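Remember, it's a predicted structure, so these values are computed and weren't measured experimentally. All residue numbers refer to positions in the sequence shown, counting from 1.
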Amino acid sequence: MHKLLLIFGLIILAISIKAQVVTESNGVITVNTENYTFAIEKDGFRYEFRQPDGKVIASAHGQSGIQIGSDPGNLKDVIKTSYIGYENQMLSFKVYTNEGVTADVKVDLQLNWARFSVEPEGKKKYSIIGRTGGITPAYGLADHSIIDVNSSDVTGFKSENFTSRGGDIRLISNFVIFPDRGFANINIEPLPKIIRVTEEENAQGVLEGTAITSLYYFIGSPYTIYQSLRDVRDIEGYPLKKPKYQLFGVGWEAFGALAWNTNEKSVRENINQYLELDFPLQWMVIGSGFWPGLKDEFDEEGFRHGGQRTGDEILSETEVLQATTSFGMWDKQKYPDPEGMIAHFKNHGLKILLGLRIGFIPGGPYTDEGLDNNYFIKDDEGRAKLFDVSFPVPPVYLLDAKNQDATDWYVELSQKWLAYGVDGFKEDLFGYPGSLPNDFIDPVNRTFMERGTYVMGRNMYFGSPADIHRYNDFNYNQLQDRGPINGLAYAYSGFPYVYPDISGGTGLATGRFGDEPKDRLAVYLMRYAEYSALHPAMSFGYGPWNFGDEVVQVTRNAAMLHDRLQPYTYSYAIMAYETGFPYPMTPLPLAYPDDPGVYGLADTTRRSYQWLIGESLLATPLYGDDYDTATSRDVYLPEGTWMEYDSGEIHLGPTTLLNYPLPIGKTPLFVGGSGIVVEKINGELKGRLYPVTSNTQMVFYDKDGVTQSTITLANPDWKNPAVVNQSTGEQVSGSWNRHAYEFLFTPGNNYRVE
């Protein structure tokens with residue numbers, strides 16, 4: 001940016017307001033803030049961000065910073081800029097394209113972020129983008145990251161119609177972060193967008209709109225950026241909601257276990273077998289098939305004949321497949337005693353979720369009421385519109401959740417399910433058209449969360465109105481590198497409560513894998529369970545007992561590990577809720593942005609899919625398309641002392657452990673960082689102190705998400721550490737166990753190790 005170099009030392013105009021200094025020289029407007037310098041070259045409205053010392057964070061685009069046009073395939077550059085003024089940390093401009101379009105531009109400069117608005121005159125709809133020069137590497141984009149999967153680095157991604165695909169792309173965020181630059185950006189528009197993350201440009205905008213109102217750029221460390229992102233989510237109406245403890249435990253999903261053949265008998269038998277084998281289940285999902293079904297479709301034991309419907313036949317009023325919007329109505333043949341079934345699972349301490357969608361079939365029990373009250377999404381002529389979705393088969397009306405009365409009505413109807421003792425819902429609409437706003441379901445999930453209802457989120461935009469973030473079905477017959485890359489992208493995008501689908505996917509129960517060798521499927525299930533166990537949430541479906549004792553033992557050990565770490569993981573989930581930083585699943589570039597060794601790990605060549613769990617655990621699972629043949633990985637250890645979780649062997653980072661052995665059955669974890677972990681052991685909480693550092697502190701949140709404790713390491717003598725309960729003044733006894741000093745931990749008390 002040649003003209004920008006001229007401004008240093010050439011100050012013609014200087015105004016100091018709230019520690020910001022504005023200068024204009026040689027056609028360049030510069031604002032020096034406390035944390036960054038922002039400069040705009042009037043020629044082309046080419047803007048860039050620099051550190052206070054002049055180091056470039058994001059360079060200006062080579063041609064223009066803003067493009068506007070009626071044809072998204074032929075956008076026109078802004079070529080001229082008029083500077084209007086600066087007031088209350090806001091810069092104002094008029095800009096002009098070479099086709100005569102004039103637009104008002106405002107740039108709001110805050111401590112750690114800048115917000116752009118671009119509004120062309122005349123209220124005509126245009127494609128509009130703002131852009132800097134290209135920046136690499138880049139991370140984020142939630143479900144869009146899995147398009148052309150090869151790396152967690154999304155450099156090279158381009159979309160001229162960025163929106164949901166209603167199936168494999170349902171959790172939508174266009175947030176992109178560049179950790180080594182201390183920079184991130186997002187255009188907060190729920191409508192289709194233009195996104196380009198390439199080596200040449202970093203562009204975000206609207207495909208068709210009268211304005212861009214909220215194009216944000218964030219500046220600072222990753223911790224600062226995610227705190228700012230959290231604040232902006234609140235400002236823009238997409239808040240984070242506090243997650244609940246139990247869904248961070250081990251769960252069970254009926255579809256993975258039984259496919260469509262769910263009924264009271266089969267559900268009871270399957271879960272009971274898991275419990276008898278000591279799998280520590282805490283929640284369960286019956287996603288489908290519990291509502292009144294079609295006549296003559298099920299045999300006397302409640303099993304479906306011939307798989308799913310073809311959709312060719314016309315449904316009569318008495319045969320309507322009512323799906324989840326049958327609110328409170330159970331299939332009497334398949335679920336003759338739902339109260340008894342629910343009470344049985346409640347006695348075992350399970351939270352119970354049902355599948356829930358916002359689609360209403362014509363002729364369904366509540367559809368006419370919705371039509372009469374204008375509660376459904378309308379077409380351009382103002383009439384309730386029917387949508388083709390993947391399920392249910394007939395076209396459906398979709399709830400207009402932006403209408404608060406409609407959302408309240410829907411949530412009240414859902415109380416008919418909750419009245420049975422159901423605790424929450426797996427939100428599961430799929431196969432809908434991508435032309436719908438990305439946030440068209442969010443108000444429903446937000447309302448559920450505000451009422452304390454459990455929510456497994458699938459369709460979301462930007463905010464987090466859910467307890468856990470489930471990525472799309474992840475099956476044996478897919479590229480197995482997709483899962484790790486998808487999960488990391490969720491964390492980068494600010495959705496760190498990652499649930500990586502049912503262990504074993506859904507294909508084992510459906511038989512869709514055909515005649516695959518049973519021994520390979522056994523390896524698949526074991527590797528998947530060990531991979532899933534290191535996520536904030538995990539679940540099971542198809543019974544591992546179908547593959548023999550070894551598979552039962554390995555998958556149960558994975559479940560037990562996840563169960564032990566649940567208090568620790570959930571505590572960091574609350575930290576994420578409080579700060580915005582993705583503590584439960586932290587990709588290494590966010591924790592160590594200045595370490596070149598953390599980049600280039602998570603790709604389909606190296607497959608070093610690694611992340612931090614909280615501040616003390618490093619997950620290094622062996623997963624990817626070679627899961628059935630690989631036995632080792634190159635493992636990168638950042639700066640610090642790292643201890644192997646199983647053996648206690650010590651390694652000093654930064655270093656790469658080449659061909660590090662990770663056979664099935666070995667826990668793919670290292671302990672480092674603060675070295676403080678709180679585990680659930682035999683029903684009690686234990687503080688576990690690993691001798692990897694001497695001066696640090698951990699903040700711990702209990703299962704209520706409120707009760708807080710601290711554990712402080714103050715140069716302990718690791719040969720004979722003394723743990724003092726600062727809340728009582730008493731010394732707490734402890735002992736060495738599994739390479740850590742372990743003591744009984746009481747939530748709400750503070751501990752000092754000296």
State whether a side-chain donor-acceptor pair under 3.5 Å links Tyr216 with Asn185. no
Might you point out which heavy atoms bring Tyr47 and Thr132 nearest each other, and give the distance in Å? CE1-CG2, 3.6 Å
Between Tyr623 and Gln480, is any side-chain donor less than 3.5 angstrom from a side-chain acceptor? yes
Strictly below 4.0 Å, N to O, side chains only: are Arg470 and Asp473 in salt-bridge contact? yes
Does a side chain donor of either Lys193 or Asn438 reach within less than 3.5 Å of an acceptor in the other side chain? yes
Over 60° means perpendicular and under 30° means parallel, so classify the ring planes of Tyr238 and Tyr461, tilted if in between. perpendicular
Minimum heavy-atom separation for Ser464 and Leu240, please, with both atom names. CB-CD2, 3.7 Å
Parallel, tilted or perpendicular, judged at 30° and 60°: which one describes the rings of Tyr497 and Phe248? perpendicular
Going by distance alone, is a donor N or O of one side chain under 3.5 Å from an acceptor N or O of the other, for Gln67 and Asp77? yes
Closest non-hydrogen atoms of Val250 and Ala559, given as atom of the first, atom of the second and distance, are CG2-O, 3.6 Å
For the residue pair Ser64 / Arg131, report whether a side-chain donor-acceptor contact shorter than 3.5 Å exists. yes
Does the side chain of Asp143 come under 3.5 Å of the side chain of Asn486 through a donor N or O and an acceptor N or O? yes
Does Glu236 come within less than 4.0 Å of Arg115, counting only side-chain N to carboxylate O? no
Test applied, side-chain contact (heavy atoms from CB on, under 4.5 Å); reference residue, Leu141; option that passes from Ile147, Ile146, Ile169, Val154: Val154
